[in-house]
Amino acid sequence: MSMIIKWTNKYSNEQGYVRVIKKSLGHFENTQDKKLARKFRTEKDAQRAVTILEEIGESQNNNFSFEEI
C-alpha cells in the first residue's frame, strides 16, 4: 500500500496533498486531487519527505499527516 502526505494550514485549516517538493526553491506544490499526490512506498519514505518539508520551513504554517491509498 502506498502513502501520500496531507497538509493542513495551521491558520486557515485549508487542506490538500503534497504533489512535488521543490527543496532547492524552498517550497512544495500542492494538489487537491489524491490521484495527483506524490506517492511513497512506505511510511518511512513519507517521513523522510516531511523532514525535508520541515527543513525548508513548510511546517511553520502547515501540519503534515499521512494517508494510505
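Note that these values count all heavy atoms, side chains included, but never hydrogens, waters or copies made by symmetry. In this text, all values refer to a predicted model and were calculated from it rather than measured experimentally.
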* Could you grab the distance from atom CD of Q15 to atom CG of N30, nearest 0.5 Å is fine? => 12.0 Å
* **Non-hydrogen side-chain atoms of R48 and F40 separated by less than 4.5 Å** => no
* To do: Test side chain to side chain contact (heavy atoms under 4.5 Å, CB included) on I5 and F28 and set out the steps.
  => CA-CA 11 Å; I5 301 172; F28 71 94; over 6 Å; no
* Nearest heavy-atom pair of I21 and A49: which atoms, and what distance? -> CD1-CB, 3.7 Å
* Which residues share a side chain to side chain contact (heavy atoms under 4.5 Å, CB included) with E68, sequence neighbours left out -> M1, M3
* **Heavy-atom side-chain proximity of I4 to V18 below 4.5 angstrom** => no
* To do: Can you measure from CD1 (I52) to CD (Q47) and round to the nearest 0.5 angstrom?
  => 11.0 Å
* **Heavy-atom closest pair, residues F66 and A46** => CE2-CB, 3.5 Å
* To do: Any pair with a residue in residues 30-43 that passes salt bridge (Lys or Arg N to Asp or Glu O under 4.0 Å), sequence neighbours left out, goes on the list, sorted by first then second residue, please.
  => K34-E67
* Structure fact -> For E58 and N62 the tightest heavy-atom approach is O-ND2, 3.1 Å
* Would you say Y11 and N61 make side-chain contact, with heavy atoms under 4.5 Å? -> yes
* To do: Count the heavy atoms belonging to other residues, nucleotides or ligands that lie under 6.0 Å from NZ of K10, then report whether that count exceeds 12.
  => yes
* **Connected hydrophobic set around L25, excluding itself, where side chains approach under 4.5 Å** => none
